[in-house]
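Reading through the structure tokens given below for one structure.
Please read all numbers here as calculations on a predicted model, not as lab measurements. Per chain, numbering begins at 1; letters A, B, ... match sequence-line order.
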Amino acid sequence: MKKFINDPEMVVKEELEGVALAHPDLVKVNFDPDFVYRADAPVKGKVGLLSGGGSGHEPMHGGFVGYGMLDAACPGAVFSSPTPDQMLEATKMIDGGAGVLHIVKNYTGDIMNFEMAADLAKAEGINVEAVVIDDDVAVQDSLYTAGRRGVGSTVLAEKVCGAAAELGRSLSEVVDVCIKVKGWGRSMGMALTSCTVPHVGTPTFDLPEDEMEIGVGIHGEPGRKRMELKPADEIVEMLMEPIISDLPYKAGDNVLLFVNGMGGTPPIELYIAYRKAHQICEQHGLNVVRNFIGPYITSLDMAGVSITLLKMDEDLLTLWDHPVLTPGLRWGK
Amino acid sequence: MKKFINDPEMVVKEELEGVALAHPDLVKVNFDPDFVYRADAPVKGKVGLLSGGGSGHEPMHGGFVGYGMLDAACPGAVFSSPTPDQMLEATKMIDGGAGVLHIVKNYTGDIMNFEMAADLAKAEGINVEAVVIDDDVAVQDSLYTAGRRGVGSTVLAEKVCGAAAELGRSLSEVVDVCIKVKGWGRSMGMALTSCTVPHVGTPTFDLPEDEMEIGVGIHGEPGRKRMELKPADEIVEMLMEPIISDLPYKAGDNVLLFVNGMGGTPPIELYIAYRKAHQICEQHGLNVVRNFIGPYITSLDMAGVSITLLKMDEDLLTLWDHPVLTPGLRWGK
Amino acid sequence: MSISRDDVLDWIQVTAGILKENRDYLIKLDAAIGDADHGANMDRGFKAVMGKLPELADKDIGTIFKTTGMTLLSTVGGAGGPLYGTLYLQMGMKSAGKMDLTLEDWIVALQAAVEGVVMRGKAELGDKTMVDALSPAVEALKEASSNGRSLSEALEYSAKAAEEGMTATIPWVAKKGRASYLGERSAGHQDPGATSSYLILQAAADTWKDC
Amino acid sequence: MSISRDDVLDWIQVTAGILKENRDYLIKLDAAIGDADHGANMDRGFKAVMGKLPELADKDIGTIFKTTGMTLLSTVGGAGGPLYGTLYLQMGMKSAGKMDLTLEDWIVALQAAVEGVVMRGKAELGDKTMVDALSPAVEALKEASSNGRSLSEALEYSAKAAEEGMTATIPWVAKKGRASYLGERSAGHQDPGATSSYLILQAAADTWKDC
Ligand SMILES: Nc1ncnc2c1ncn2[C@@H]1O[C@H](COP(=O)(O)OP(=O)(O)O)[C@@H](O)[C@H]1O
Ligand SMILES: Nc1ncnc2c1ncn2[C@@H]1O[C@H](COP(=O)(O)OP(=O)(O)O)[C@@H](O)[C@H]1O
Ligand SMILES: [Mg+2]
Ligand SMILES: [Mg+2]
Ligand SMILES: [Mg+2]
Ligand SMILES: [Mg+2]
């Protein structure tokens, strides 16, 4: 395993220490239980936004804590859901009196831990709502499974809900925005290489030099199918086809096109992916009114990309364009 | 070779097409000769800023074209300096009457091509100045070599010179800012893995699973020495030691600490690197007043990091904090 | 013919050792159809529980189990955390104040614990989860008890049933948890959670064989 | 006993073929002490030059060389682009208007070309660059001429000298260009630019052997 780390068991703690040293103006880090929270938390009268999940997906979620986005994020061990005690303490820390929204990715572990945390927080008198993001169209037969995984749309939900909260909207209004993203976002990813989990030390899966994994999750879960490596344009077609055929919208609609790098894929390749994805949107009459290109939900060092489409109405555009000031995303401030 | 590309010969063109599709509000792309330029170029009365170099280092330089940073960037083939005709056309395109600064990285090829372009542009009556950035302390005995390579400080120079130009400073004043960065910036990098140049198809160098390359360049050039893989903290010490012992400043000075990812290294590892680098600054009495963490000068898919320290005075702080709006860097707008 | 407070502490200690030994094995199982963390999570959790043992030296079985559950809940994470947390918390509820457990007590405790896991995870038998090891173990205990078996015999039957339940998961297609995303591709692999459940129950049978 | 306009076009065409054949070899040499692009750059450049040949069919040698130089300048990039661009541009200056070249003409043209390369790159003999192949080639041409050798013999000597110059670079430590960053580690590797220079001059000797 070639990684820029010290002790595999210390990866998350040391990363958090790095975040604390790097961004004291934006965020603070609480240790035991671990969570990252806005330096000015709680913001009185504002709905608090909490997300969390396994580590290894940075900048999601800790990198998105700050003005206009999350109020706190709970990092679990690498690829493992965080625990209820983290979520409870973070929820208490960011409750400004207007309630707290938990943005949860649809994984059994995340859901169970967030549910337990929400129960505990409610018992302490905090108004908690949760929205579960489940946008990964790679998961088929979702009636017979744990449902679709939550992937790319999560970051978009955090951005627009963060803006909505900043604009003073109520908890139920922020929930509505989140549900809109949940309904209008669709994603699919692929891997050229496996990631290597630090405490494991070897790649999670073996992918021969001439093969790729289509429909992979963000934890190195095997995907829909493994196949021969193809040129970028064909891969993008294979990702876009299931997204577009599942879209609850139609030609003429405005969309945000998000091309995400999995951690080991450099920007030059992301723009080659973006090029084709944009062309396919145009062919389907979808207007790309905003885009978002970069490694925003990584899967450690995995090489690969994922694509997310989100329908945008006037309100989502306003919320997307609202200023944001976090370690991992910044504009307008 | 596992890359998200189509034809290896088309990598640069297709990346540029992706940039053109993604950011029409910010930049335009000229093909044959290839360059990326500000959508509103030339900005009348403003000093024009041009940089360029081989492709494969994205977002540098094309991703830094826009308000508050570069006016144009010339991408060469992967890892090959662009050519004088590109630079000449780009220089003409961005000359707003106040002259043009060429920010050049110190490589024989880049220098010769930029020199020829400057001669041609001057012959056409454009006031051109050039500053050569040479901040890589990995290169020793620089009197007996082509001199130090230009690496991390280049991005910092582009940011602050861009702000200076935006604030209406004259060509010679912008040159002064650039020379200050050249004098006050120091960098050093390392690789955990080699990059693979698309048209080559195999890794540029073989690095066994238990070894790393210290002092590597951004083109997969071999470094100062190859050695056994070490824990992150020790690696950071090995990068910081030559930087700090070469620094033209002293305890009590303010610095910007830039931890750069080489393309294949994910954010979680960059923050582990940042943590130690920040601690070492503190041990030396250097105040980290700004930081910059991310894959800003990549070397294709190489896994590794580089560290840059830049002394900051009041003026550089003002220029660093000035708004910037480019595909690869954005704040305040 | 009963399980003492010290036996319970022994069991937890033995479990911690066995999960540590099987850390990489569980990781490998989870890598095949999940995300390669189950072994690391369980090991981390039980390591944390071991750190709590000194303060449990003179406590009742209910407290021991509840502390174990709370600790797992806040250190394991993933799906395993809430599920195993619930398992031990429920055991703790049913053995509150007790200083030893008869076979009947253990049946009541384990049954409630497994029902808690089912409530939390909503998995049914055959979904390819830890429930496929846990539920048969409870049934086997009950049957052994009604057949008049001794505690140690019953524990052996129960571990055996868990093992069979674990092995049975191999050909199945997962319907719950992360493995379910794989669809048909999850068939042919043994469920990691069912495996850790078997290991825990086998540890009980081994540790308590002279009870 | 002279090089015609068509011979010059032949040379350029043969050079393009040889650089294409040696693309991967030059890349390998450049990977060892540089950045693995010299072969790709030269191949791309000469491919572009090939595209210009139709419009050069009836032009004088000066125009052919100048067009070659300009095309290399705008397509090769890196250090090779300005250096080889300069080489051919200078050859073009010295053969402006000519429809054929005698040995003396060729000496004048190549000498000026190599001086141009030295001016641009400021490399000295022994710096481990293309100059180490080019300069000896000019000297060998001059010596052969003053010894009364024929054009084809002189070209052979010149190519031979370039080859020796190229081989001589192997043990040296680079003082110019990207390889110089390596310091002592550049020793033991043949310089890619000296190699492409040798290939170009050997192509001249081969193509013009019956001139
Ligand atoms: N809904 C569920 N009910 C019961 N057990 C489940 C459920 N979902 C998952 N499991 C069990 O959890 C195990 C995986 O645990 P673990 O790897 O710790 O969590 P995660 O899947 O979050 O990484 C599975 O092998 C399975 O036995
Ligand atoms: N200053 C110089 N003068 C003469 N030749 C040089 C000089 N610098 C480099 N070269 C030659 O250029 C070759 C490398 O060319 P190339 O790979 O195309 O450029 P780059 O180094 O920019 O990638 C070297 O092998 C060397 O022969
Ligand atoms: Mg997990
Ligand atoms: Mg080059
Ligand atoms: Mg798991
Ligand atoms: Mg080269």
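Looking at Asp233(B), its side chain never comes within 3.5 Å of a backbone N or O of Asn6(A) through a donor-acceptor pair. Checking side-chain atoms of Glu17(A) against main-chain N and O of Arg275(B) turns up no donor-acceptor pair under 3.5 Å. Although no hydrogens or angles enter the test, the distance criterion places a donor-acceptor pair under 3.5 Å between the side chain of Lys2(B) and the main chain of Pro208(A).
Of the listed residues (Leu300(A), Thr298(A), Ile5(A)), the one with the most heavy-atom contacts under 4.5 Å to chain B is Ile5(A). By number of non-hydrogen pairs under 4.5 angstrom with chain A, the leading residue of Met302(B), Met10(B), Met212(B), Met1(B) is Met1(B). Each of Pro59(B), Gly18(B), Ala232(B), Pro295(B) has some count of heavy-atom pairs under 4.5 Å with chain A, and the biggest count is that of Ala232(B). With chain B as partner, the option from Val19(A), Asp210(A), Asp25(A), Val12(A) having the largest number of non-hydrogen pairs under 4.5 angstrom is Val19(A). For the set Val11(A), Asp7(A), Ile293(A), Val236(A), the count of heavy-atom pairs under 4.5 angstrom toward chain B peaks at Val11(A).
Atom CG in Asp301(B) sits 12.0 Å away from atom CG in Asp301(A) (nearest 0.5 Å).
Residues that satisfy the side-chain hydrogen bond (donor to acceptor under 3.5 Å, both in side chains) test with Asn291(B), not counting sequence neighbours, are Tyr274(B). Considering only residues two or more places apart in sequence or on other chains, Lys13(B) meets the side-chain hydrogen bond (donor to acceptor under 3.5 Å, both in side chains) condition with Asp32(B), Asp34(B).
Chain B is approached within less than 4.5 Å, heavy atom to heavy atom, by Pro327(A), Arg330(A), Trp331(A), Gly332(A), Lys333(A) from residues 326-333 of chain A, ordered by number.
Of the atoms belonging to Leu16(B), not a single heavy atom falls under 4.5 Å from chain A. Of the atoms belonging to Leu229(B), it is side-chain heavy atoms, and not backbone ones, that fall under 4.5 Å from chain A. Proximity to chain A is absent for every atom of Ala303(B), based on heavy atoms less than 4.5 angstrom apart.
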Quick one: side chains of residues 255-272 of chain A, donor-acceptor pairs under 3.5 Å with protein atoms, not counting sequence neighbours, listed by atom name and distance.
residue	atom	partner	partner atom	Å
Asn260(A)	OD1	Tyr296(A)	N	2.8
Asn260(A)	OD1	Ile297(A)	N	2.9
Asn260(A)	ND2	Ile297(A)	O	2.8
Asn260(A)	ND2	Ser306(A)	OG	3.3
Thr265(A)	OG1	Gly304(A)	N	2.8
Thr265(A)	OG1	Gly304(A)	O	3.3
Glu269(A)	OE1	Phe4(B)	N	2.7
Tyr271(A)	OH	His23(B)	NE2	2.7

